[in-house]
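Written below as structure tokens is the structure these notes are about.
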Amino acid sequence: AADGIDESVVDRRCHARAVTPAVGILGAGGGVPDFGAGLGVAGLSAGFPLIPAIAQSGEIVFGAAPPITGVFAFAGTGLHQGLGDYCEWRNTKGGVAGRKIKYIGEDSGYKMDQAMSVFKKLMGANKPPVFYGDSTAWAKAAAKEVSQMGSVLTSSPSFSSDLADPKNVPYYFMAGPTYTAMCEILLEYIGRSSKGANKPAVAIVYSDTEFGRDPIPGAKAKAQKMGIPIVQEIVTKPGSTDRVIVVGGYQFEKLARAAR
């Protein structure tokens with residue numbers, strides 16, 4: 001911890017900033033948020049499940065199924081703590097429209113059946129207007145049921161292109177650009193930052209998971225369009241740490257030779 005900063009606290013706060021904009025929508029200004037001129041509470045109520053929740057009394061429940069155990073526990077633990085920390089902090093500021101937020105998170109283990117079980121359990125018992133899942137796979141699997149319910153805004157760590165679809169996945173809140181857009185932005189930066197006549201060489205290292213594979217076709221298409229060669233493609237096992245060795249050791253040398 002540099003300069004006396006508790007890194008665990010910083011990590012949790014970073015997770016909270018990344019994963020709680022849906023709750024932040026509730027808390028904007030301490031009341032009902034302004035989504036644009038002419039769009040009031042009546043207009044939002046039909047298509048936005050949080051407004052009726054604000055109008056009720058009692059605690060507002062924020063449900064979640066973070067992967068506290070399993071291959072992505074290293075991220076899920078901070079995610080779980082961050083969500084809880086944000087809700088506690090929000091409550092010190094008066095909550096949302098004078099109502100306290102109650103965070104209820106249960107471990108998904110990064111398993112589809114377990115995540116769906118937690119979702120159904122919390123929806124049945126607590127009816128949270130906001131639910132945070134654990135993955136792309138969960139968000140896709142729950143999308144139809146969530147749309148039919150029409151009473152809960154969902155989100156997750158996923159930035160899958162398939163979820164950036166307001167027509168087919170209207171109750172999913174994405175807090176940033178899609179995975180594909182992230183890769184495209186990075187390639188554009190590489191292109192702008194490169195010097196000399198030679199095009200920069202790029203290696204792609206990604207996890208063999210749905211979210212890991214999601215941006216690869218788009219990234220390859222963007223690289224081809226920009227004339228940037230992809231000289232190496234490395235797929236790692238979910239939750240593995242060997243990618244550090246791969247990039248830092250022999251494979252990096254192989255990449256450097258290929259770029260020459």
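Bear in mind the structure is a predicted one, so any value in this text is a computation, not a measurement.
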Q | Centroid-centroid distance, Trp138 to Phe131, less than 6.0 Å | A | yes
Q. For the residue pair Tyr103 and His80, is the inter-centroid distance of their aromatic rings smaller than 6.0 Å?
A. yes
Can you tell me if [X] uses its side chain to pair, donor with acceptor, with the backbone of [Y] under 3.5 Å?
X	Y	result
Asn91	Lys100	no
Ser117	Asp113	no
Tyr179	Phe159	yes
Glu59	Arg99	no

How many angstroms lie between atom [atom1] of [X] and atom [atom2] of [Y], to the nearest 0.5 angstrom?
X	Y	atom1	atom2	result
Lys102	Glu88	NZ	CD	13.5 Å
Lys220	Ile228	NZ	CD1	15.0 Å
Ile68	Thr77	CD1	OG1	6.5 Å
Ser108	Met116	OG	CE	12.0 Å
Thr178	Asp214	OG1	CG	7.0 Å
Phe173	Leu153	CZ	CG	7.5 Å

Q | Heavy atoms from other residues, nucleotides or ligands near CD of Glu233 exceed 12 (cutoff 6.0 Å) | A | yes
Q: Let me see the working for Asp208 and Arg213 under salt bridge (Lys or Arg N to Asp or Glu O under 4.0 Å), right down to the final yes or no.
A: CA-CA 6 Å; Asp208 190 16; Arg213 296 185 295 267; 2.7 Å; yes
Q: Determine, for Lys140 against Asp162, whether the closest basic-nitrogen to carboxylate-oxygen distance falls under 4.0 angstrom.
A: yes
Q | salt_bridge(Lys121, Glu106) N-O dist < 4.0 Å | A | yes
For a 4.5 angstrom cut-off between non-hydrogen side-chain atoms, does [X] reach [Y]?
X	Y	value
Arg90	Thr92	no
Pro170	Ser147	yes
Phe62	Pro128	no
Ile60	Pro129	yes
Pro67	Leu79	yes
Ile190	Val202	yes
Glu188	Lys222	yes

Which atom of [X] lies closest to which atom of [Y], heavy atoms considered:
X	Y	value
Ala65	Ala115	CB-O, 4.3 Å
Ala64	Leu83	CB-CD1, 3.9 Å
Ile216	Ile204	CD1-CG2, 3.7 Å
Tyr172	Ala139	CE1-CB, 3.7 Å
Leu187	Ala219	CD1-O, 3.4 Å
Asp134	Lys111	OD2-N, 4.1 Å

Q: Check whether the side chains of Thr136 and Ser160 place a donor and an acceptor atom closer than 3.5 Å, and report yes or no.
A: no
Q: Classify the side-chain pair Ser207/Thr236 by whether it contains a donor and acceptor separated by less than 3.5 Å.
A: no
Q) Taking a hydrophobic cluster as the set of Ile, Leu, Val, Met, Phe, Trp and Tyr residues connected by side-chain heavy atoms closer than 4.5 Å, whether directly or through intermediates, do Ile185 and Val205 fall within one such cluster? A) no
Q. Would Phe74 and Phe211 show up in the same hydrophobic cluster when neighbours are defined by side-chain heavy atoms closer than 4.5 Å?
A. yes
Q: Apply ring pair (Phe, Tyr, Trp, His ring centres under 6.0 Å) to Tyr110 and list each qualifying residue two or more places apart in sequence or on a separate chain.
A: Phe72
